[in-house]
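For reference, the structure is listed below as structure tokens.
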Amino acid sequence: MDQHPMTETLLDKERCARGRDLLLRLRDGMAEVILGQPELVDLTAIALAARGHVLLEGLPGLGKTELVKTLARLLGLSFRRIQFTPDLLPSDVTGGPVLQEVEGQRNFVFRPGPLFAHCVLADEINRASPKTQSAMLEAMQEGRVTVLGDSHPLPEPFFVLATQNPIELEGTYPLPEAQLDRFLFKIEVPAVGEEVLTAIVRNRRRGQAPAPGRALSEDELRELFAIVDEVFLPEPVARYAARLVTATHPARPGAPAEVRSFVKHGASPRAAIALCESGRAAALLEARPNVDFRDLQRVARPAIAHRIVLDHAARLEGVSAADVVAALVAAVDPLGKALPQGRS
Amino acid sequence: MPVVPQLQRELVRLRRRAFAATFVQVFARATATGVALAAVAVLGLHLFDSALLPAPSWALGLALPLGLAAVAAARRTPPARAFAVDLDRRLGAAGLLLSALERDPGAWSAELEDHLRAAAGTAPPVGATGPLLRAMLAAAALAALALLPPPEPRAGGLATAALESALDEVQADLELAAEAGLLTEGEADAMQDRAEDLERRLLAGDPVAWADIDALAERLARSGESAAAGTQAVAAGAKSLAEDLEARIAGRRDLAELGRLAERAAELGLLTDLPQEVRAALEQLARRGGTGEAEAAGAEGGPGLDPGALDAGRLRALAEALEHQAGRRMQGARRAAEGGAPGADALRRMLEEQGLLGPGSGASPGEAGVAGGPDGFDPTPGPDGDGGPGRGGISRGRGDAALEFDGATGADLAGMRAERLPPGRTPPDRWDLAGVRRAEPESDPDRDPAAGASPAAAGSAGEVTFRRDLAPRHREAVRRFFGGGGR
């Protein structure tokens, strides 16, 4: 067997525990406000630790906006909310030049828009026109805004947490695939149960959620990012992520039957990147120094489902992208190729 | 002990087990297949009265499955590193084993060691028992087959079957020739006796040479040729005799010629149906015909010969009988030639060579091969340009038959009458306008499936239709419509 030079060491236990502690503070802070949605809270914390943007989809009143506001309070970062409407213009989001008189001279000065904040809530993002939606592409991918040829960097870290609801689709503009691809996760916010509703109405007058204090300082957040980056991704796990994403393409030989039947276009390479990056944060949440196959399987649905384009057959059969991803995870073997086994 | 080398040793151990498992499986499968083939061969040999006795050299046959198993195991077993995923998952190490192969586990060495200690007892079994047991069972079955007592050798074996078949063919030809009257009774009996003798010897297992059957077949062929030639001569002679007999019996009795004919007719067995006294007189003539004594005996009224029995009426009857017999012989020969029995083709060729049959199987000897038949058939090349007399056909008659189209029918049209068919689609010039709508016809199949595109059912039908569940039998049609190439 070939020997690899062991020049690097796995994340030590103390640092691993520290990263988990930071992540848990963030998660628990959100869980205090958002009741009965543990998976939503976990995934949001994972996405944040992986420095990704999140698209929250759910019916009105389920706490999407509250979640984002809570997150901003927990992080103590600058927070802006943009309510997307059909008449919203790109310059309303990015900002633009304004004529300003300084010392008797009139000059165009760039006035930053609401996008210039650490944490941006893009509420009901699918109500804005495609032109305005696409104004966010550069901001989400490059972390900067270019107006009239001048690039303006956005503050670091920069998160976009967008919401949309799946009903009342009249007068909305579904997000284009390129825009969807920029979101690390698309998380569906489920309805809550009877117990949770009881707790809400008993403990919160007029639905007012408690205002949490700051859970992480800016340095602690940067420390969390650094620890997440140190989580090791073994080669077999990386190969598994690549196989998962490759199998979303119906023309590929390893694609399962559900993909061949219902998927029109597979996921982009960003899906594999999103899988691995969020897999690191998921591993850290369990205080492990390395990513495992189970971490990728846990984040596969929010990381891949919104990146595949289903065809009409899926709608006819009532198959959702989440169903396809579930079938994908079940079909793609982490081993890749079956090993010879003894049979008695 | 350093943990990473320990992990690598564990992976090598796993690889060896996988190699062994593959080796055993392939060896067992190849052995079982080889044994099955050998068993089929042994059984087949037994069926054909032969035997394959077990020998020590059979053990060399194991070299092939062994070699196959070694090659297959070497090719199918992946490198040791590939087993890390399997080991990691089996031990629930959550990727720690995988990471340890690429990075120094550092503080995680203790956990890794715990996992490796647990690995010792969880290695998957090679699973050699089952496959090897199956292979051994197959080998035991083969051994049992090989130890069957060898069948008692049957005389001749395959050669006997071929001889029997050849003898059957000769016997069939013999019966055919006898039925056709191509053989005298004595010849037929002699050859039949010979054939039965050969058959008895074959059944008894006594040696029978091909030369015996060939000799019988050759004798049958010669007799057939001779009989056919004799038949032709007798037929011609009898015909000639029948034509001239009236003149001959009025003048000098050509007893010598009559004697020769009678001798020939007796040889061919033509005298059997004649009246007793005529047959006796002719047999007497026949006995003398060959020696030239007939004429003298006739003149002298030799012993035993009653010339009075050969008066004009009896000779006429004799002529008719001879002609009748000759005709029967020719018909028999023709039937035999046309039949599908074994040897019919050879007999047909023989008769054609002797001019007894024409080129067409249905043609009589008198008509066969004659250009220009009694009905004036003209065999000159037809209009097809292929040199033949034209193609003719079942509805045209022969190739040179005239084909005329006069457009007339022989049917009686007077009894027919015109009838109006049931009403179908109304012609476009007789359509009625029911109404004009400014909107597209819409339907709501959920509310009123029967209404179709009626105005009463119009509504938000598009959305309803899209959202409703389609019956399975309709889904394929919708897919084809939207999917272009269909899927």
Side-chain angles (χ1 to χ4, degrees), chain A residues 1-17 169-170 230-240 250 260-262 264 279-280 282-283 286-296 311-318 333-344, chain B residues 4-5 8-9 11-12 14-15 17-25 73 76-86 88-89 93-109 111 124-131 133 466-467 469-470 474-475 478-479 481-483 487:
Chain A
M1 188 189 297
D2 51 345
Q3 298 281 342
H4 283 272
M6 302 284 185
T7 55
E8 292 182 275
T9 309
L10 288 177
L11 193 63
D12 62 49
K13 287 184 177 176
E14 290 74 22
R15 224 167 136 63
C16 204
L169 295 177
E170 289 82 1
E230 289 175 37
V231 173
F232 181 61
L233 178 71
E235 187 200 347
V237 182
R239 285 188 181 279
Y240 176 58
R260 289 199 303 274
S261 301
F262 303 124
K264 196 172 183 181
R280 290 177 204 270
E286 296 187 8
R288 276 190 279 107
N290 59 274
V291 186
D292 184 29
F293 301 106
R294 286 176 302 176
D295 299 321
L296 299 193
D311 67 5
H312 62 277
R315 301 189 71 173
L316 284 172
E317 302 286 348
D333 189 354
L335 278 173
K337 187 179 172 185
L339 297 174
Q341 300 285 338
R343 274 173 288 179
S344 54
Chain B
V4 173
Q8 290 173 342
R9 273 196 296 278
L11 294 179
V12 169
L14 274 178
R15 184 181 187 276
R17 293 183 82 90
F19 182 93
T22 308
F23 182 89
V24 167
Q25 285 166 17
R76 292 184 197 170
T77 309
R81 201 181 182 81
F83 291 88
V85 176
D86 181 56
D88 187 278
R89 294 180 74 197
L96 190 59
L97 291 181
L98 302 176
S99 305
L101 289 172
E102 299 179 54
R103 289 206 170 178
D104 181 3
W108 302 92
S109 295
E111 281 82 355
V126 172
T129 313
L133 197 61
F466 183 81
R467 289 180 181 278
D469 289 332
L470 282 176
H474 296 152
R475 285 183 191 149
V478 177
R479 278 199 198 97
F481 179 80
F482 288 104
R487 181 156 46 79

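Given the structure is predicted, the values throughout are model-derived calculations rather than measurements. Convention: sequence-line order gives letters A, B, ...; per-chain numbering from 1.
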Open item on the list: Tell me the closest heavy-atom pair linking B:G106 and A:T9, and the distance in Å.
Closed with: CA-CG2, 3.8 Å

Task: Part of A:F293 lying under 4.5 Å from any heavy atom of chain B - done: side chain

Task: Taking every non-hydrogen atom, the tightest pair across B:V85 and A:P334 - done: CG1-O, 4.1 Å

Open item on the list: Which heavy atom of B:A94 sits nearest to which heavy atom of A:R294, and what is that distance?
Closed with: CB-NH2, 3.1 Å

Task: Over all atoms of both residues, closest heavy-atom pair of A:P289 and B:L96 - done: CG-CD1, 4.4 Å

Task: For A:E235, salt bridge (charged side-chain N to carboxylate O under 4.0 Å, His left out) partners two or more places apart - done: A:R239

Task: Residues that A:R15 engages under salt bridge (charged side-chain N to carboxylate O under 4.0 Å, His left out), provided they are two or more places apart - done: A:E230

Open item on the list: For the backbone of B:S99 and the side chain of A:N290, can you confirm whether one donor and one acceptor N or O come within less than 3.5 Å of each other?
Closed with: no

- [ ] Keeping the roles fixed (side chain from B:W108, backbone from A:L11), state whether a donor-acceptor pair exists under 3.5 Å.
- [x] yes

- [ ] Tell me, for B:R89 versus chain A, whether the close heavy atoms (under 4.5 Å) come from the side chain, the backbone, both or neither.
- [x] side chain

Task: Heavy-atom pair of closest approach, residues A:L10 and B:P105 - done: CD1-CA, 3.9 Å

